[in-house]
Amino acid sequence: MAKSPVSPATSTTADAQVNPTVDRSIHDEAVGHGNSPAAWSCVLVMILGAAIASIGYIMASHPVFWSGVAVMFVGLLVGYIMKKAGYGVGGHKLKNNGH
C-alpha cells in the first residue's frame with residue numbers, strides 16, 4: 001500500500017518558511033510583551049507583596065495582610081511610572097539596547 005500524503009494540518013514552521021501559502025499558527029511568533037525593566041520591576045515588587053500578604057494570612061494578622069496588598073498596589077504604580085519614564089517595551093530609554 002502507498003502512504004497517504006501529509007495533510008496541511010500537520011505542516012511545520014519550516015514548511016511555512018519554504019511555502020508561504022501554508023498557514024502559520026499564532027503561537028509561532030514571539031509576542032515580546034513584558035520583556036522590559038518596567039515589567040520586571042512591577043512583577044518582582046508584586047511577588048514580594050504577595051509573599052507578605054500570604055504570611056499575614058497564615059498568621060491571621062490583618063495589618064500584615066493588608067500591608068502586603070498595599071505593596072502589590074505599589075508594584076503596579078512602579079511599573080506604570082517606569083513605563084511612562086521610558087523603561088517599558090519600546091520605550092525611548094531602551095532604544096538600541098536589545099529590549
Side-chain angles (χ1 to χ4, degrees):
M1 265 188 147
K3 291 184 177 182
S4 63
V6 177
S7 67
T10 61
S11 64
T12 64
T13 305
D15 294 336
Q17 291 172 351
V18 173
N19 185 2
T21 60
V22 175
D23 291 332
R24 290 177 31 164
S25 171
I26 149 177
H27 301 290
D28 290 343
E29 299 176 16
V31 177
H33 60 42
N35 190 15
S36 68
W40 281 99
S41 300
C42 174
V43 168
L44 290 175
V45 172
M46 291 181 72
I47 288 173
L48 177 66
I52 293 170
S54 298
I55 291 169
Y57 182 81
I58 292 170
M59 292 174 29
S61 172
H62 288 279
V64 174
F65 173 79
W66 288 110
S67 65
V69 172
V71 170
M72 286 191 280
F73 181 72
V74 168
L76 286 174
L77 292 176
V78 166
Y80 179 76
I81 291 169
M82 286 184 72
K83 179 182 174 189
K84 290 297 182 184
Y87 290 102
V89 173
H92 66 278
K93 300 266 180 136
L94 300 178
K95 296 290 184 193
N96 301 323
N97 196 13
H99 290 282

Asker: Search all heavy atoms of V45 against all heavy atoms of V74 and return the closest pair with its distance.
Answerer: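 The pair with the smallest heavy-atom distance is CG1-C, 4.4 Å.
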
Asker: Which atoms form the tightest heavy-atom contact between A53 and V69, and what is the distance?
Answerer: CB-N, 4.2 Å

Asker: Calculate, to the nearest 0.5 Å, the distance between atoms OG and CD1 belonging to S61 and I52 respectively.
Answerer: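 One finds 12.0 Å between OG of S61 and CD1 of I52.
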
Asker: How many angstroms lie between CD1 in I47 and CE in M72, if you round to the nearest 0.5 Å?
Answerer: 11.0 Å

Asker: Quick one: hydrophobic cluster around W40, which other residues, with the 4.5 Å side-chain cut-off, linked directly or via members?
Answerer: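 None; W40 is a cluster of one.
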
Asker: Looking at every heavy atom in both H92 and A85, which two are closest together, and how far apart are they?
Answerer: CE1-O, 3.5 Å

Asker: What are the two closest heavy atoms between A38 and K83, and how far apart are they?
Answerer: CB-N, 3.8 Å

Asker: If we only count heavy atoms from C-beta on, is the C42 to V78 side-chain gap below 4.5 Å?
Answerer: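 With C-beta onward as the side chain, the pair stays apart.
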
Asker: What's the spacing between F65 CZ and M59 CE if we round to 0.5 Å?
Answerer: 13.0 Å

Asker: Group every Ile, Leu, Val, Met, Phe, Trp and Tyr by side-chain heavy-atom contacts under 4.5 Å, then state whether L77 and V71 land in the same group.
Answerer: no

Asker: Any link between M82 and L44 through a network of hydrophobic side chains (Ile, Leu, Val, Met, Phe, Trp, Tyr) touching at under 4.5 Å?
Answerer: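 No, separate clusters.
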
Asker: Minimum heavy-atom separation for V89 to N35, with atom names?
Answerer: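 Scanning both residues, the minimum pair turns out to be CG2-N, 4.1 Å.
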
